[in-house]
Amino acid sequence: MGSASDLGRRDLIKRTVAAALAASPASALLTGCATAGGRQNTVGKGKMSEKNPFGADESAALEVVVFDGGLGVEYVTDAEAVYERAFPKTKVKHTTTQDIRTLLQPRFLGGDPPDLVDNTGADSLPTATLADNGQLTDLRTLLKAPSYDIPGKTVAETLIPGVVSKGQYGGEEVWALNYAYTAFGVWYSKSLLEKYGWTYPRTWDEMLTLCAAARKEGIAGWTYAGKFPYYLQWTLYPFIAKIGGWDVLKSIDNLEPNAWKHPAVRQAFEAYHELVAKGYVLKGTPGLDHTQSQAEWIKGKALFVPNGTWVENETEDITPAGFEMTVSPPSGLDSSDVMPFETIWAQAGEAFVVPKDARNPQGGLELLRIMLGKKSAQNFSRLTSSLSCVRGAVAGMDLPSGLASASRLVSEAGSHIISPRTDWYQTLNREEIAGLIGEMMADRLQPAEAIDRIQKASDAVAKDDSVKKYKHP
């Protein structure tokens, strides 16, 4: 999820995620430092104070490794500058990469990890495995600390609901804090719809009617990242929830028998397949990656593209003036829907972790505290056109059209926000399930066959005793 300039590298996903996220061999890949007795050359602690709640050594170096994706890295380097001003005797070593696991797995194995890691991207390390192996710092200490610049609040009290739980893996400990708050939805050009007098469809019949009208004007209804069809899940899953309720997706996450056979799943799959069957998907879409599909959409060749809030930043260089980028919830099915039109999938992403064997974990915690301050959160939104996990940080800011609409999207959703845990079994979700959805959308599978094969893949994971299981509370 999350910032995604490297999300298109399917070969990396197959090579690294499949090996590291679904089965017990993943634990073996990362247990070297867990059995090595911990790091022996950690720096000493400094004096604890209100301004230094973790007792970071004010002269110790700090090492940070950041994923360089669709959100860029400037929001982190700006926070590092604040850290260096607070501790003038220190120096921050900053490394950026799109290959987190390739770079850091040997260092975790050797007991020599950095002090703060943005563990994100297709080549990320499996956070659940790191947590299970005792290789991460429990961040509850950070959550209890005072906010960096929001008086009278702890860090925990400044965060959007759901951020803390996203970093938990079956216990009370918090192993990761996801910095970006991504709202997924259907993106479009408001000015293009207004040019033809069209309004965004709230039901599926309205969606099909609009797509038919667009085709008469030489415009496709939809395009998407055909090479990486997990982009479709971000709008398809809330569509399922609208039809049948959030519990349908919870049962899918829980790997319950026949969860994929629920009528809401069938109705949603048949509706999406209807886009293909009626010729409303841009020709050639199954062969496009995320940047190519976004480029076709920006050119006005398709009305809609499923995506996350980073898309405005990622397409900044090619978006023409007056485009008025806008995001809306996925259309519902009809008046019988269980959940309202405003229902969306939104969640925290861009997972920052503090390795337990880091040389300067106190410094890592302090830099993360700075990043979770209001000023840093506002800077993040200015730089990336994305929301942060800090509650209300963008209030009063002059926002670009896409980010403004995303902020409204989250506000209007209220309590109707779902967050499927596709991170629990990433190989199953990103490779097998998404791949079969992609085959259906390429018209190479009928909906019923796609559902049958997805259920079999889910059942196989459920029966595999080597895979740790997770459940919604």
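Everything quoted here is computed from the prediction, not taken from an experiment. Note: hydrogens, waters and symmetry copies are ignored here, and every other heavy atom, side chains too, is used.
- Nearest heavy atoms, W222 versus T285: O-OG1, 4.4 Å.
- With ring centers used as reference points, Y237 lies 6.0 Å or more from W234.
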Show your reasoning for whether side-chain contact (heavy atoms from CB on, under 4.5 Å) applies to H290 and E314. CA-CA 10 Å; H290 60 293; E314 201 165 52; 4.0 Å; yes
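- Surrounding NZ of K471 are more than 12 heavy atoms belonging to other residues, nucleotides or ligands, all under 6.0 Å away.
- For S458 (side chain) and Q455 (main-chain N/O), no donor-acceptor pair under 3.5 Å exists by modelled atom type.
- Considering only heavy atoms from C-beta on, D115 stays 4.5 Å or farther from P355 through its side chain.
- A180 and L71 make their closest contact through CB-CD1, 3.9 Å (heavy atoms, listed as atom of the first residue, atom of the second, distance).
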Pair K356, L136 - check side-chain contact (heavy atoms from CB on, under 4.5 Å), show working. CA-CA 5 Å; K356 188 173 183 179; L136 299 178; 5.7 Å; no
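- In this structure, the separation between OG1 on T319 and CD1 on I298 is 3.5 Å, given to the nearest 0.5 Å.
- The backbone N or O of L177 lies less than 3.5 Å from no partner atom in the side chain of K166, so there is not a single donor-acceptor pair.
- The environment of K250 atom NZ is dense: over 12 non-hydrogen atoms of other residues, nucleotides or ligands sit within 6.0 angstrom.
- With rounding to the nearest 0.5 angstrom, the CG atom of L368 is 6.5 Å from the CG atom of L139.
- To the nearest 0.5 angstrom, I417 atom CD1 is 12.0 Å from F184 atom CZ.
- In this structure, D289 contributes its side chain and T291 its backbone to a donor-acceptor pair below 3.5 Å.
- Remark: of the listed residues T315, T384, T182, T182 is the sole one forming a side-chain contact (heavy atoms from CB on, under 4.5 Å) with W310.
- S386 and T309 are not linked by any side-chain donor-acceptor pair at a separation below 3.5 angstrom, with hydrogens and angles left out of the test.
- Looking at heavy atoms from C-beta onward, P420 lies in side-chain contact with W345 at the 4.5 angstrom threshold.
- Residues V311 and W187 are in side-chain contact: their nearest non-hydrogen atoms beyond the backbone lie under 4.5 Å apart.
- A donor-acceptor contact shorter than 3.5 Å links the side chain of R369 to the backbone of P146.
- Of the possible donor and acceptor atoms, none in the side chain of Q347 sits under 3.5 Å from a partner among the backbone N and O of Y181.
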Could you go through the ring pair (Phe, Tyr, Trp, His ring centres under 6.0 Å) check for H472 and W246 one step at a time? CA-CA 11 Å; H472 281 282; W246 179 202; 5.6 Å; yes
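- Contact of the F239 side chain with the Y272 side chain is registered, since non-hydrogen atoms from C-beta on lie closer than 4.5 Å.
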Chi angles and distances behind the side-chain contact (heavy atoms from CB on, under 4.5 Å) call for I344, H416: CA-CA 7 Å; I344 59 167; H416 299 111; over 6 Å; no
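- Using the six-membered ring where Trp is involved, Y75 and Y179 have ring planes that are parallel, under 30° apart on the 30 and 60° scheme.
- Within the cation-pi definition used here (under 6.0 Å to the ring centroid, within 45° of the axis), R430 qualifies as a partner of Y230.
- Side-chain contact of S328 with Y188: a donor-acceptor pair under 3.5 Å is present, judged by distance alone.
- Between the S376 side chain and the G373 main chain, no donor and acceptor come within less than 3.5 Å of each other.
- Side-chain atoms of D78 and N379 include a donor-acceptor pair closer than 3.5 Å.
- Between the side chains of S124 and N119, no donor-acceptor pair of N or O atoms lies under 3.5 Å.
- Checked by atom type and distance alone, the side chain of R391 never pairs as donor or acceptor with a backbone atom of I160 at under 3.5 Å.
- Using bins of under 30°, 30° to 60° and over 60° for the plane-to-plane angle, the ring pair W424/Y470 lands in the parallel bin.
- Here I370 contributes atom CD1 and S147 contributes atom OG; the two are 11.5 Å apart, rounded to the nearest 0.5 Å.
- Taking CD of Q292 as the start and OG1 of T223 as the end, the distance is 9.5 Å to the nearest 0.5 Å.
- The closest donor-acceptor contact from the side chain of S189 to the backbone of M325 lies at 3.5 Å or more, if one exists at all.
- Among all heavy-atom pairs drawn from K374 and D149, the shortest one is N-OD1, 2.6 Å.
- Ring centers of Y224 and W297: at least 6.0 Å apart, outside the cut-off.
- Counted by atom type alone, E63 and N360 present zero donor-acceptor pairs between their side chains at under 3.5 Å.
- With sequence neighbours excluded, no residue satisfies ring-ring contact (aromatic ring centres under 6.0 Å, His included) with W260.
- Proximity of W175 to Q168: side-chain heavy atoms (C-beta onward) are nowhere separated by under 4.5 Å.
- Of all heavy-atom pairs spanning V390 and L372, the tightest one is CG2-O, 3.4 Å.
- Considering every non-hydrogen atom in both D118 and T120, the closest pair reads OD1-OG1, 2.6 Å.
- Judged by distance alone, with hydrogens and angles left aside, the side-chain atoms of K469 form a donor-acceptor pair with the main-chain N or O of D464 at under 3.5 Å.
- Side-chain contact between L255 and L428: present, with at least one pair of heavy atoms (C-beta onward) separated by less than 4.5 Å.
- Taking the side chain as every heavy atom from C-beta outward, S405 and E324 never approach each other to under 4.5 Å.
- At least one side-chain heavy atom of E312 sits under 4.5 Å from a side-chain heavy atom of S401.
- Of the possible polar contacts, none joining the S381 side chain to the Q378 backbone as a donor-acceptor pair under 3.5 Å is found.
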Evaluate side-chain contact (heavy atoms from CB on, under 4.5 Å) for T97 paired with D68, printing each intermediate quantity in order. CA-CA 5 Å; T97 182; D68 187 5; over 6 Å; no
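- Atom NZ of K93 is surrounded by 12 or fewer heavy atoms from other residues, nucleotides or ligands within 6.0 Å.
- Taking CZ of R421 as the reference point, atom CD1 of I252 lies at 15.5 Å (rounded to 0.5 Å).
- Among all heavy-atom pairs drawn from E342 and P329, the shortest one is CA-CG, 4.0 Å.
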